[in-house]
Protein chains: 2
Amino acid sequence: MAEPARLNARELRSWTGYHRMSARFAACLNQSLLKDAGLSYADYEILVALRECPEGRMSAGELRCELRWEKSRLSHQLRRMQERGLVRRETNPADARSAVVRLLDKGRCAIEKATPHHTARLRADLFDLLTEEQIDTLADISETVLAHLERREAEALPDGPHGIERIEREATGR
Amino acid sequence: MAEPARLNARELRSWTGYHRMSARFAACLNQSLLKDAGLSYADYEILVALRECPEGRMSAGELRCELRWEKSRLSHQLRRMQERGLVRRETNPADARSAVVRLLDKGRCAIEKATPHHTARLRADLFDLLTEEQIDTLADISETVLAHLERREAEALPDGPHGIERIEREATGR
DNA sequence: TAGTTGAGGTTGACACATCATCCAATGGAC
DNA sequence: GTCCATTGGATGATGTGTCAACCTCAACTA
């Protein structure tokens, strides 16, 4: 690429602004949620997903897929939430490897208390400040970048260590 | 406010998109930085700030102000970086309370190695995907939200715990 | 049927961020 | 001078996120 090594003024303004805003906004949301309902944003995401399910039950795999989380992150998070009595892990009779997560009363109570505050905060600190065009542009940008990252990672995987292992195995005739 | 409790379709698309993108993008940047130069993004920010200074020296207070970090966060981060030989804390002869952070050779080497990769990644994964209008809109949105959050927090402080303590002290005559 | 592979999940180690608390030096107020 | 609130910073506890290693079960294959 023939592009200059440093960001230009437009890019720099956009990046520093975005970077500071996203960090601050996430911290702000987390704090509000903690104050209003004693939940972290990670807790909130789990509970929202579970609330949308019939009987508040969802397989851990679905949950991971829905939230795009790493499996170890989900495992740690569920352990902590289970210790606090928000959810419970149950064994899946259909497949002994997988697990089912159940929303407990305490968790349902917490999420119902938290949601209105959270929505109000999203409005007050984000959407009420923006025009409809800006809101749409933010969505467009996010989807563009997200699609790009997912495409890149999907391409990287087959050529990554996995692919190399396969090739080596074939080359040595194992 | 008479607004509905739930987000509308436009807001929901924007929020879920933004939220997923920002999490993923940050993770991606962190990973690249770690792979390319063995630095976390937190390390990177510190080192960038120090590199811009004459002789790579900066007071801890300035650093905190520049990065908008909490003091304990900076303290922990500097300790870890000092243990790895990237920076060194020195006492300030002018004020024995404060400290001066010095960029060591190993740190300078790391940041010089990391920067081109980081810039290239910002281009490839963000700016090359967007129009100039989108880049500007992202900056506008970020600055609007950031200004709002800073205004809100500045207003909250004088009426917060600090103010209450002062009033209580005065009321009890202490 | 025994061995292999892969998927689902857990665990431990470590880096990171926040909070509350503590300590030392400073700069006034008296 | 002596208090004393403030400031700059360090520390320990706790919650969070990632990575690597591991275990179990299921499915496939020789």
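Chain naming here is simple, since letters A, B, ... match the order of the sequence lines and numbering starts at 1 in each. For the numbers below, each heavy atom of this structure counts, side chains included, while hydrogens, waters and symmetry mates do not.
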Looking at every strand, decide which applies to A:S98 at a 4.0 Å heavy-atom threshold: base, sugar-phosphate, or nothing.
sugar-phosphate
If you assign each of A:D43 and B:R64 to its closest nucleotide in DNA chain D, which residue comes earlier from the 5' end?
B:R64
Sidechain N-carboxylate O distance under 4.0 Å for B:D36, B:R121
no
May I have the distance from A:E45 (atom CD) to D:dG17 (atom C1'), rounded to whole angstrom?
13 Å
Any A:R20 side-chain heavy atom under 4.5 Å of B:E150 side chain
no
Please evaluate the base of D:dT16 for a donor-acceptor partner in the side chain of A:H76 within a cut-off of under 3.5 Å?
no
Go through the N and O atoms of the side chain of B:R97 and the base of D:dT7, and report whether any donor-acceptor pair is under 3.5 Å.
yes
Side chains of A:Q77 and A:R80: is there a donor and an acceptor less than 3.5 Å apart?
yes
Determine: side-chain N/O of A:R89 to OP1/OP2 of C:dT10, distance under 4.0 Å, yes or no.
yes
Check whether any side-chain nitrogen or oxygen of A:R73 sits under 4.0 Å from OP1 or OP2 of D:dT16, and answer yes or no.
no
D:dG9 C1' sits how many Å from B:D95 CG, rounded?
11 Å
Is B:R80 near enough to C:dC16 that one of its side-chain N or O atoms lies under 4.0 angstrom from OP1 or OP2?
yes
Check this one for me: any side-chain N or O of A:S75 less than 4.0 Å away from OP1 or OP2 of C:dT10?
yes
Look at the side-chain N and O atoms of A:Q77 and state whether any lies under 4.0 Å from the OP1 or OP2 oxygen of D:dG15.
no
Residue mapping more 5' on DNA chain C - nearest nucleotide basis, A:A99 or A:Q31
A:A99
Distance-only donor-acceptor test (3.5 Å): side chain B:S40, base C:dC16:
no
Starting at CG of A:L39 and ending at P of D:dT16, how long is that distance when rounded to a whole Å?
10 Å
